[in-house]
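Here's the structure, in structure tokens; my notes come after.
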Amino acid sequence: MSKQREYAIHKAPILTPAFFIVLAVICIGMAIVVYRYFAGIGPVSNLSNGYPWGIWLSYDVATGSAIACGGYVLAVTVYIMNNFKYHAMVRSAVLASMFGYSLAGLSVMVDIGRYWNSYGFFIPSRMNPNSALFEVALCIMAYCVVLILEYLPAVFERFADSDKSKSPKLVEFGKTWEKRFSKALFVIVAIGATLPTMHQSSLGTLYVLMGYKLDPMWQTGFLPLLFLSNAYLMGFSITAFETVLSTRLLKRPFEKEIVDLSKVIPFVVGFWLIVRVISVTLNGGWSHAFALSTQSIWFWLELILVIVPSLMILTCKYAKSESGIFLIGMLLLIGGGMYRIGVYNVGFNPGAEWNTYFPSVAEFLITLSFIAIEVFGYMVLVKLTPVLPNLENHGHHH
Amino acid sequence: MKTNRRDFLKAAAGSAATAGVLTLTPSYAAASDEGAPFAENTMVKFYDSTVCVGCQACVVACYETNFVNRADTLNKPKEERNFIENNDVVPVLAEEDQFDTQAPWIRINGLDYRLRTIIRKYVDENEKSHFIKQNCMHCKKPGCVSACPVSALQKDKDDGVVTYDPNRCIGCRYCQMACPFNIPAFEWHRANPKITKCDMCRSTINPKTNDFDIDAEGNAVYRDNPNKGTACTKVCPTGAVLYGRREDMLALAHNRINKSKEKGENKYYEDTARGESVLGEKVYGGTGELVIAAVDFRKLDFPVDKIGDRATAYKSEGIQHTIYKYGIAPIALFTALSLVVRKNVKKHHEHEED
């Protein structure tokens, strides 16, 4: 390769103290998962017939997949909106998305009771296209494959750039497949931009069916649109947050491109906010919003946590600094995530006969271990394959 | 090669608008089968709360047929599949199935995985007891059937019964989330958990054939086996719960209300505000369970105002169908995107080679 590579392996030891802490969290969670497979879901969770969906779906799937939308929004920004100056950030976002989505899929296998029947999704006579969940499941499975395909060039590049005298065949293999993939890239990217548009909106459609059981502050026919725009918000926010996080944890220079990218956030939030206000008004949700309850507090927090950081981006110089981006990214992720959990758990009320759902310790630990697997996989793969921007390119990047 | 911010925002607004059109329009598109009448042979249970004495023989019979004697029942030839008439038997629960207040998935005095039907009691301000039979309502447009991603729940096109197939079920519990009456129950404590729900004995006695006569009450009497019918209806000593064609049962229900009015008793509650005297006539777009009672349905745990008279599935399916009909929108989106990406990547490479 005559040209300087755009991405590079992050040169740092893999076996750090953080590695072992994360590994321990994973082991605890997996032990509970094993217990769940023998004892059933009841003994490890606080779920009931009134509240059958808990944080494994509201956080791991609905919120986790939105946090994993960094790859999606960057692919749209770079390849569709034609902003190649952000190209160097694509690969790390794709890797994080790959883990986010795969783990969302895996946690579903913990959550569903009769996982051995899942092959039914591929049997035509069993498919139910009326079900938003059917669409979400197929689409997320397909998108996991697409994300792996989007990440694979990093592996081929790793092979292509390895020592030729030691393993000539591997180098040859890497080079061949790198070329093949770069030709097919546009198809993979286009599928990768279509699928999340579909399932991120369907994650909202799921709750239209719940009718009155979802509080009017959240229930609306606009749910698909709100979830889709929220996915954009989450995607941009996680990209900003992750950039600063890798700056600090991996001790890399600050990627200033993120300041420009963050400027789009207020517009996404603005669009989401308009739809949100219209839908609450149409559904008569304001009377609930002004009554003091857990739900109404959640509702207002959710709004404040996306409005305040957006105003900061528009008006405040601090928003351009490293710590400013970090804070804004974090607030938006919490606010955007709260919206999803608001729909999935907080706003859901089947009636007064059941105890309100609050996740059990075991549920939290399992979710925590899934997050740990994501962090673990990301930390290891950036040190094994070229994922992060090549620092030697820094400065003379267009 | 540089795009300025305005272009970027324009493009962003454009794609947001496209996505908006894709997702917005469907909310108001009508689904095709809405407003169609019930299938002619729709079979229902008709429950008259004023006749019920709360003996719970129906609960016992259901338990015997569908749980205790399930294996025996299924081993018998089809025509002999009737429940065992023994009202003295009280459901004896296996040790692992005993009530446990520590287990959050068990709802005392409510439906759970051990029973497909229960009788609940409501005591009014005059200390008078009113009973209500709680079980699957076999809705005209069931939320559970619409929800189930793998078609484990299905509504029979002929008799309208909503059935459950554990060999298809993946245990996702979307049916529980979607049910406006909170009926399906899950076996939270099992490694092999199933959904419990009334299927009008289709998986055991199977009174499915249309080979029945209608007696004076409108009740279905099977020619091959007069004892056949759902377990709960056959055992009821007062005839509080009957099994028959929806049309006949609805006529019977209105007849009882009208007669009571003529006599000046007015013993039945009529929801005049919503225009529904027989519960199930209108609520959630109509159900396959009809109920008449002396008290407000709301007091018997039917939040009819919240549930409304339209099945939510019409709305969510409208959204799904509009977006995904024949896969047109996703394919169009994909095609457009791949053209744009190809153009942009090509331009980018040319620029890099300069």
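Since we're looking at a predicted model, the values are computed, not measured. Numbers restart at 1 for each chain; the letters A, B, ... are given by sequence-line order, proteins then strands.
- For the atom pair CZ (B:R342) and CZ (A:F186), the distance works out to 5.0 Å, reported to the nearest 0.5 Å.
- When the shell of 6.0 Å around OH of A:Y37 is examined, it contains more than 12 heavy atoms from other residues, nucleotides or ligands.
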Do B:I170 and A:W116 pass the side-chain contact (heavy atoms from CB on, under 4.5 Å) test, and can you show the C-alpha distance, the side-chain angles, and the key distance before you say yes or no? CA-CA 7 Å; B:I170 58 165; A:W116 57 88; over 6 Å; no
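- When all heavy atoms are compared, the tightest approach of B:W188 to A:P43 is O-CD, 3.6 Å.
- Taking all atoms of both residues into account, the shortest heavy-atom contact from B:C148 to A:N128 is O-ND2, 2.7 Å.
- The two residues B:P149 and A:L133 come nearest to each other via the heavy atoms CG-CD2, 3.9 Å.
- Ranked by heavy-atom pairs under 4.5 Å with chain A, the list B:G308, B:A147, B:G143 is led by B:A147.
- Among A:G120, A:P129, A:A75, A:S125, the residue making the largest number of heavy-atom pairs under 4.5 Å with chain B is A:S125.
- Separation of atoms OG (B:S146) and CG (A:L209) is listed at 5.0 Å; rounding is to 0.5 Å.
- Contact detail for A:N117 and B:P166: the closest heavy-atom pair is ND2-O, 3.1 Å.
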Can you list the steps and then say if A:Y79 with B:N344 is a side-chain contact (heavy atoms from CB on, under 4.5 Å)? CA-CA 6 Å; A:Y79 293 103; B:N344 285 342; 5.7 Å; no
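- Looking at A:F134 and B:V150, their side chains never come closer than 4.5 Å, going by heavy atoms from C-beta outward.
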Exercise answer: donor-acceptor pairs, residues 173-181 of chain B side-chain atoms, under 3.5 Å, sequence neighbours excluded:
residue, atom, partner, partner atom, Å
B:R173, NE, A:P52, O, 2.9
B:R173, NH1, A:D111, O, 2.8
B:R173, NH1, B:G171, O, 3.2
B:R173, NH2, A:P52, O, 3.2
B:R173, NH2, A:D111, OD1, 3.0
B:R173, NH2, A:D111, OD2, 3.0
B:Y174, OH, A:L206, O, 2.5
B:Q176, NE2, A:N49, OD1, 2.8
B:Q176, NE2, B:P184, O, 2.9

Could you walk me through whether B:F186 and A:I41 pass side-chain contact (heavy atoms from CB on, under 4.5 Å), step by step? CA-CA 10 Å; B:F186 188 70; A:I41 301 167; 4.0 Å; yes
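- Within the 4.5 angstrom heavy-atom criterion, only side-chain atoms of B:P303, from C-beta onward, approach chain A.
- The most heavy-atom pairs under 4.5 Å with chain B, out of A:F348, A:F38, A:Y115, come from A:F348.
- Annotation: salt bridge (charged side-chain N to carboxylate O under 4.0 Å, His left out) contacts of A:D60 (sequence neighbours excluded): none.
- Using a 30° and 60° split on the angle between ring planes, B:H348 and A:F84 fall in the parallel class, below 30°.
- Residues A:S202 and B:Q320 have side chains in contact (heavy-atom distance under 4.5 Å, counting atoms from C-beta outward).
- Separation of atoms CG (A:N130) and OG (B:S151) is listed at 8.5 Å; rounding is to 0.5 Å.
- A heavy-atom distance below 4.5 Å is found between the side chains of A:V187 and B:F334.
- How far CG of B:N167 is from CZ of A:R114: 7.0 Å, rounded to the nearest 0.5 Å.
- Chosen from A:A193, A:G351, A:A132, A:S229, the residue pairing most often with chain B at heavy-atom distances under 4.5 Å is A:A132.
- For B:N182 and A:K213, the side-chain atoms include at least one donor-acceptor pair closer than 3.5 Å.
- Interface remark: B:K194 contributes backbone and side-chain atoms alike to the contact with chain A (heavy atom separation under 4.5 Å).
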Would A:V208 and B:I319 count as a side-chain contact (heavy atoms from CB on, under 4.5 Å) here? Give the steps. CA-CA 9 Å; A:V208 174; B:I319 294 174; 4.1 Å; yes
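- By number of non-hydrogen pairs under 4.5 angstrom with chain B, the leading residue of A:R36, A:R126, A:M198 is A:R126.
- Interatomic distance, OG of B:S338 versus CD1 of A:I188, reported as 12.5 Å (0.5 Å rounding).
- Here B:I307 is the residue among B:V345, B:I183, B:D305, B:I307 with the most heavy-atom pairs under 4.5 Å with chain A.
- Of the atoms belonging to B:N192, heavy atoms from both backbone and side chain fall under 4.5 Å from chain A.
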